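Below: the structure, in structure tokens.
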Amino acid sequence: MTVIAQTDSDFVFEGIPQIEESEAAQAPQPADPLGPLAQLVGTWKGHGFNTIWRPHTLAGIGQDRFLELNLTTETLAFTKINGAIPNRGLLMHDINLFGLTYMQQIAETSTGAGLHIEPGIWAHVPQTTDPNEPATVVRMASIPHGTVILAQGTAQTISGAPHIGDNNIIPFSIGSPAPPNSAFGSQEGTFTELNLSTPTTFRFVSPGVTQEMVKNPNSVLQTALAGQNIKSRTFLQVSTRRSPVKGGGTANTAFLEAGSNPPGGNANAVEVDATFWIETVAGTHGQPDTLQLQYSQLVQLDFNGLRWPHVTVATLRKQ
């Protein structure tokens, strides 16, 4: 799988005219202007797990969903954007962003079938006074199925291994809170696709997918961490929900948004939450430390009056 750099090597952002020095610019700056994103530069490869409830046309059958469960092979390549990206301010002074372009490619492992391609940008945003926000990171992404996202959040570098909690893919009513993992057993009768021992024509399962993965997709990340000595991790958490950072949102094509009765259109992507851990793995037997990237992403898809969790997780190693 070949990944091509997305910007020319001689392309450099330059503000016209240059952003003038300000009190913010004179404040202490990180050693690398990319801040917590600096370690992402380069190419990462690895494997993961993708779960998605797809809408199924109601005509003639009455089954509104199809559950796809894929073991995945992934390449994620980041390229540094040369120069400062100027943002002109009205309510406060101008600021500079620093960022990376990226290209993500995900395939189903057993067949090699392409599942996902995502070009985008990560950027490091300095602290601002209007709005009053700390330094943040922002992810801007385009998904070829017809959705674009802007997810913003915070970053932190912490010693030791991450604690990765459990999650689930249980559907729930739009406007209601998501159900806890303890509800999984009681939902297998309603959403029979969740139980791998129950035959159905409305489910695809990659070879190697287990019931534990379906019950808790983050178990794939938890298993990958077992036995590793993680010295530190940089924790990136972003969301389109405009909380806790005011920026963010999703936009969908007319096809995805279509219809309001029942609510949700064909498959409206309304919310994205993602956590990335850039982990320093201690070397063994005299070998140097290595970098590992893990992530867990939740996209909420609305159709037929319900909210259907779409979870993707992966563990990647820097090449």
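Values in this document were obtained by computation on a predicted structure and should not be read as measured data.
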Quick check for you: to the nearest 0.5 Å, what is the distance between [X] atom [atom1] and [Y] atom [atom2]?
| X | Y | atom1 | atom2 | value |
| --- | --- | --- | --- | --- |
| T79 | D8 | OG1 | CG | 11.0 Å |
| F98 | L37 | CZ | CG | 12.0 Å |
| T72 | H47 | OG1 | NE2 | 8.5 Å |
| L306 | Q300 | CG | CD | 11.5 Å |
| S197 | E188 | OG | CD | 7.5 Å |
| L115 | N70 | CG | CG | 4.5 Å |

Does the [X] side chain pair with the main chain of [Y], one donor and one acceptor, at a distance under 3.5 Å?
| X | Y | result |
| --- | --- | --- |
| Q211 | L194 | yes |
| T109 | L71 | yes |
| T75 | Q105 | no |
| N252 | A269 | yes |
| N168 | N216 | no |
| H310 | T51 | yes |
| Q222 | I164 | yes |
| S206 | V209 | no |

Can you give me the closest heavy-atom contact between [X] and [Y], atom names plus distance?
| X | Y | value |
| --- | --- | --- |
| N82 | S9 | ND2-O, 3.3 Å |
| P179 | P171 | CG-O, 4.5 Å |
| G83 | V12 | CA-CG1, 3.9 Å |
| I149 | T147 | CG2-CG2, 4.0 Å |
| T280 | Q39 | OG1-NE2, 4.2 Å |
| V281 | R317 | CG1-NH2, 4.1 Å |

* To do: Go through E108 and S110 one step at a time and tell me if the side-chain hydrogen bond (donor to acceptor under 3.5 Å, both in side chains) criterion holds.
  => CA-CA 6 Å; E108 199 275 329; S110 66; 2.8 Å; yes

For the residue pair [X] and [Y], establish whether any side-chain heavy-atom pair is separated by less than 4.5 Å.
| X | Y | answer |
| --- | --- | --- |
| E118 | R139 | yes |
| I278 | W44 | yes |
| T315 | Q292 | yes |
| P36 | L236 | yes |
| I158 | R233 | yes |
| N218 | D166 | no |
| L301 | W53 | no |
| W277 | I230 | no |

* **Test log, rule side-chain contact (heavy atoms from CB on, under 4.5 Å), inputs L225 and E279** => CA-CA 10 Å; L225 279 177; E279 301 157 352; 3.8 Å; yes

* Pair L100-K80, side-chain contact (heavy atoms from CB on, under 4.5 Å): steps then yes or no -> CA-CA 4 Å; L100 308 152; K80 182 179 180 179; 4.2 Å; yes

* Quickly, which of V220, I169, I52, N50 forms a side-chain contact (heavy atoms from CB on, under 4.5 Å) with V311? Name it, please. => I169

* **N268 and D302 side chains, donor-acceptor separation under 3.5 Å** => no

* Asked: In terms of side-chain heavy atoms, does S296 have a donor or acceptor partner in Q294 at a distance below 3.5 Å?
  -> no

* Asked: Has K215 got more than 12 heavy atoms of other residues, nucleotides or ligands less than 6.0 Å from its NZ?
  -> no

Hydrophobic clustering (ILVMFWY, side-chain heavy atoms < 4.5 Å, transitive) - are [Y] and [X] grouped together?
| X | Y | result |
| --- | --- | --- |
| L90 | I95 | no |
| I143 | L256 | no |
| F191 | M213 | yes |
| I106 | L40 | yes |
| V148 | V299 | no |

* To do: Take F66 and T201 through the side-chain contact (heavy atoms from CB on, under 4.5 Å) test and state the conclusion after the steps.
  => CA-CA 8 Å; F66 183 102; T201 58; over 6 Å; no

* **Parallel, tilted or perpendicular: rings of F78 and Y102 (30°, 60°)** => tilted

* Any idea how W308 and F303 line up, ring-wise: parallel (<30°), tilted (30 to 60°), or perpendicular (>60°)? -> parallel

* Asked: Passes side-chain contact (heavy atoms from CB on, under 4.5 Å), R203 versus L196? Steps please.
  -> CA-CA 9 Å; R203 182 179 59 218; L196 297 185; 4.0 Å; yes

* To do: Output, in order, the C-alpha distance, side-chain angles, deciding distance and verdict of side-chain hydrogen bond (donor to acceptor under 3.5 Å, both in side chains) for Q63 and E193.
  => CA-CA 11 Å; Q63 170 75 30; E193 298 81 12; 3.0 Å; yes

* Take F276 and W122 through the test ring-ring contact (aromatic ring centres under 6.0 Å, His included) and record every step on the way to the result. => CA-CA 12 Å; F276 291 74; W122 277 90; 5.3 Å; yes

* To do: May I ask you to decide whether R54 forms a salt bridge with E68, counting only side-chain N to carboxylate O separations under 4.0 Å?
  => yes

* To do: In sequence, state the C-alpha distance, the side-chain angles, and the governing distance for Q152 and T136, and then conclude on side-chain hydrogen bond (donor to acceptor under 3.5 Å, both in side chains).
  => CA-CA 7 Å; Q152 193 164 6; T136 59; 3.0 Å; yes

